[in-house]
Structure formats: C-alpha cells, structure tokens
Amino acid sequence: MARTATALIKLSAIKQNYLYAKSLAKPAKAVATIKANAYGHGAVKVAKELADIVDAFSVACIEEAIELREAGITQPIILLEGFFTVDELDYISNNNLWTAVHNQFQIDAIKNANFEQPINVWLKMDSGMHRLGFLPDEYADAWSQLNALSQVASITHMTHFSSADDLSSSITQQQTDLFIATVADLPGDISIANSSAVLSNAMPNRSQWVRPGIMLYGSSPINDPALSKALMPAMTVKAKIISERTIDKGESVGYNAKWTAPDVHKIGTISIGYADGYPRQAVNGTPVWINGKKSQILGRVSMDMAMVDLSMFADQDCLGLEVELWGDNVAVNDVAECADTISYTLFCGLSRRISKQYVK
Ligand SMILES: *Cc1c(COP(=O)(O)O)cnc(C)c1O
C-alpha cells in the first residue's frame with residue numbers, strides 16, 4: 001500500500017451503539033438505518049455485524065435492499081421512500097421488503113398488483129416536515145384503502161421529525177401530538193423516532209419502533225455532550241504526513257494564501273483532500289490529531305492534500321507520521337462544525353479513493 005488515506009471501521013462500536021439505542025427505546029424495537037451504504041460505513045458489513053441482534057434494517061430504495069439480500073441478509077428491510085415504479089412490487093413481495101407508502105400512486109399500484117405474498121406497509125404521515133406522506137386529513141382514508149386490500153399484511157404508522165436535533169424547538173411536540181391524534185383510532189404499530197428523538201427520549205409511549213441512523217455510527221445530531229457520551233465512534237479517518245517544511249514569518253500556505261505564518265513555523269502536508277471526502281470548507285484551525293498531539297488544518301484543503309500545523313513537533317522528523325482527521329481523538333462533530341456541515345455529510349461523502357479497513 002502506498003498512499004495512506006484510510007477509513008478504519010470498528011464494527012463492534014456500531015453493534016454497541018445499536019444496543020444502546022435499543023436500551024434507550026425499550027421496549028420498542030429498533031430499525032437499524034443503513035441507507036446510503038450505512039452512512040458510508042459499508043452496508044453489507046454493517047448488516048452482517050448486526051444480523052443476529054437487529055429487529056429490522058432500513059434503506060432508502062430497492063437497489064440498496066437488493067444489495068443486502070444478495071449478500072445473504074435475511075432480516076426485514078424497510079424501504080423508507082417505498083417503491084418508485086410498479087415493477088418493484090414483485091421483488092418487494094418475494095423478498096420480505098417492507099415498504100413505506102407515502103402517496104396515492106403507491107396505494108393504487110398495490111391495489112392493482114397480484115403478487116402472492118401480502119406485504120407489510122409503513123404508511124407515512126406528513127406531520128409537519130412537508131417532505132413525504134399523507135397530510136393528517138388524508139391519512140385515515142389512505143389507511144382504510146390499504147386496510148381493505150388482501151395484498152397488504154400489516155400497516156405500521158410512521159412519521160418523521162423535522163427538528164428533533166433542536167431541543168429548544170416546540171415543533172417535535174407539535175408533530176408528535178398531531179400524529180398521535182391522527183392515528184388514535186387506527187390499529188397498528190407506530191414509529192416516529194430518529195436518532196435525535198431516541199437520544200433525547202422524545203418518544204410517545206405508544207411507539208413500537210424507533211429508527212436510529214447516525215447514532216449507530218457514534219455521532220450525535222444533538223449538540224449536548226451529556227447525550228452523546230455513551231456513543232462510540234465507529235469510523236477513524238487517517239492520512240500521513242508526506243512532506244514537511246519550515247516557513248518564514250509572513251509566508252502563506254496553500255491555494256489563495258488563506259493562512260499566513262505569524263512566526264517561523266513548521267508545517268506539514270498530508271495525504272488526504274476533498275477528492276477523498278475531507279471537506280474543502282474546513283477552516284484554518286479545524287482539529288486533527290498527530291502522533292498523540294492535537295494539531296490543526298492550516299490553509300485551504302486541496303483536492304489530494306491538505307496542510308497541517310507541525311509547530312508542536314519543531315525538533316522532530318515528521319515524515320510518515322499518522323494523522324487522524326476524525327475518529328477516537330477528533331470528534332467528527334467538531335470537524336463538521338468547522339466545515340459548516342454535519343457529520344452525516346462527512347460520513348456519506350467519503351470517496352472510493354479512501355480504502356476501508358474493518359476491525360472487530
Ligand atoms: C434517515 C432516516 C432516519 C434516521 O435518521 P437519523 O437522524 O440518522 O437517526 C429515520 N427515519 C427516516 C424516515 C429516515 O429517512
């Protein structure tokens with residue numbers, strides 16, 4: 001192996017985080033959300049790790065479910081956006097995929113289908129996010145239509161929070177109240193909570209399923225250390241120092257000279273850049289971890305490389321030293337904040353040039 005730009009993925013951490021989500025949501029069952037290639041961690045690897053203990057998986061679309069089925073995953077898989085075309089229904093029925101239903105097109109398609117195995121439906125209500133689902137005043141009718149069909153085995157009620165990561169927002173309670181009132185007279189399990197709601201316990205009593213995603217990977221969407229301290233980071237992204245130099249006071253570094261040395265300063269170049277998925281938006285001072293010491297990004301991140309502060313290693317040969325970009329020592333949330341984004345986009349944005357290594 002020559003170039004080092006690696007994501008080390010600790011599968012046992014994901015398992016532990018899943019069990020932690022379940023313990024918070026008890027006695028609810030927990031859907032492990034592994035869409036988008038398990039938020040960049042590798043969906044098949046993660047699914048195999050969780051297979052023995054998971055209640056169900058969820059993905060965004062049938063392509064992601066087929067990948068899991070072809071890898072031998074047998075647990076229920078929920079399609080969070082349901083199906084997009086009628087021709088997906090046979091596969092859904094034959095392979096125990098559970099499908100979201102969020103519009104009339106999908107109800108009509110099921111009505112007109114004649115597959116053998118009745119399907120499990122997660123009927124989606126738009127309780128205020130205004131992205132997918134039936135509005136509250138349309139919801140009971142949608143449920144009745146599905147409930148009358150021999151093609152439908154069960155109907156779970158689902159909605160999604162827009163603002164559960166903001167503990168000061170009243171929207172979460174409003175959405176909960178509206179949803180619970182709308183489904184009050186309808187039989188069936190219900191599912192509301194994402195990671196934020198699991199971590200902050202914003203779950204109504206009548207809630208049989210939670211749907212944690214980001215917390216499985218060790219990152220909390222809520223800016224509160226108390227709520228995230230039990231989570232274990234699953235991914236460590238590493239690169240190496242490939243060049244070092246000492247520059248004079250007043251010299252600047254990188255494209256557009258975004259950082260200027262305040263003194264004679266040792267800097268290094270690392271083997272990772274935005275083409276690997278390290279964010280170009282990371283500002284001067286974004287934390288990195290080098291050989292047991294805290295350091296920082298200096299200057300603008302380029303496509304294949306970035307520059308870091310080596311002033312703490314002034315008398316040391318740094319060539320080949322390992323640099324952690326996020327992981328056990330650098331919180332991915334801190335990097336995300338310095339790049340004006342969220343951990344989700346950092347995880348999902350890793351490119352194929354990053355080699356993934358799995359550890360137990
Ligand atoms: C992605 C997703 C989740 C998981 O959200 P996190 O914030 O990652 O926990 C839950 N439900 C739905 C409908 C989703 O699309």
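Just so it is clear, the model here is predicted, and its values are computed rather than measured. The analysis underlying the following values was restricted to heavy atoms, covering all of them including side chains, and did not include hydrogens, waters or symmetry mates. Indexing begins at 1, ligand by ligand and atom by atom, following the structure's order.
Defined by atom type and a distance below 3.5 Å, a donor-acceptor pair is present between the side-chain atoms of T85 and E88. For the residue pair D340 / Q281, no side-chain donor-acceptor distance below 3.5 Å is found, with atom types taken as modelled.
Ring planes of Y39 and Y344: tilted class, angle from 30 to 60°.
Residues meeting the salt bridge (Lys or Arg N to Asp or Glu O under 4.0 Å) test with K238, sequence neighbours left out: E322.
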Every pair of nitrogen or oxygen atoms between ligand 1 and the protein that is under 3.5 angstrom apart - can you list them with their distances to 0.1 Å?
{"from": "ligand 1", "atom 1": "7 (O)", "to": "Y344", "atom 2": "OH", "distance (Å)": "2.6"}
{"from": "ligand 1", "atom 1": "8 (O)", "to": "Y39", "atom 2": "OH", "distance (Å)": "2.6"}
{"from": "ligand 1", "atom 1": "8 (O)", "to": "I214", "atom 2": "N", "distance (Å)": "2.8"}
{"from": "ligand 1", "atom 1": "9 (O)", "to": "S195", "atom 2": "N", "distance (Å)": "2.8"}
{"from": "ligand 1", "atom 1": "9 (O)", "to": "S195", "atom 2": "OG", "distance (Å)": "2.5"}
{"from": "ligand 1", "atom 1": "9 (O)", "to": "G213", "atom 2": "N", "distance (Å)": "2.9"}
{"from": "ligand 1", "atom 1": "11 (N)", "to": "H160", "atom 2": "ND1", "distance (Å)": "3.4"}
{"from": "ligand 1", "atom 1": "11 (N)", "to": "R211", "atom 2": "NE", "distance (Å)": "2.9"}
{"from": "ligand 1", "atom 1": "11 (N)", "to": "R211", "atom 2": "NH2", "distance (Å)": "3.4"}
{"from": "ligand 1", "atom 1": "15 (O)", "to": "K35", "atom 2": "NZ", "distance (Å)": "2.7"}

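Within the structure, side chain to side chain donor-acceptor pair (under 3.5 Å) pairs that include any residue of residues 140-153 comprise Q104-Q145, K111-Q145, D141-Q145 (at least two apart or interchain). Evaluation of the side chain to side chain donor-acceptor pair (under 3.5 Å) test over residues 55-71, restricted to residues two or more places apart or in two chains, returns Y18-D55, K22-D55, T33-S58.
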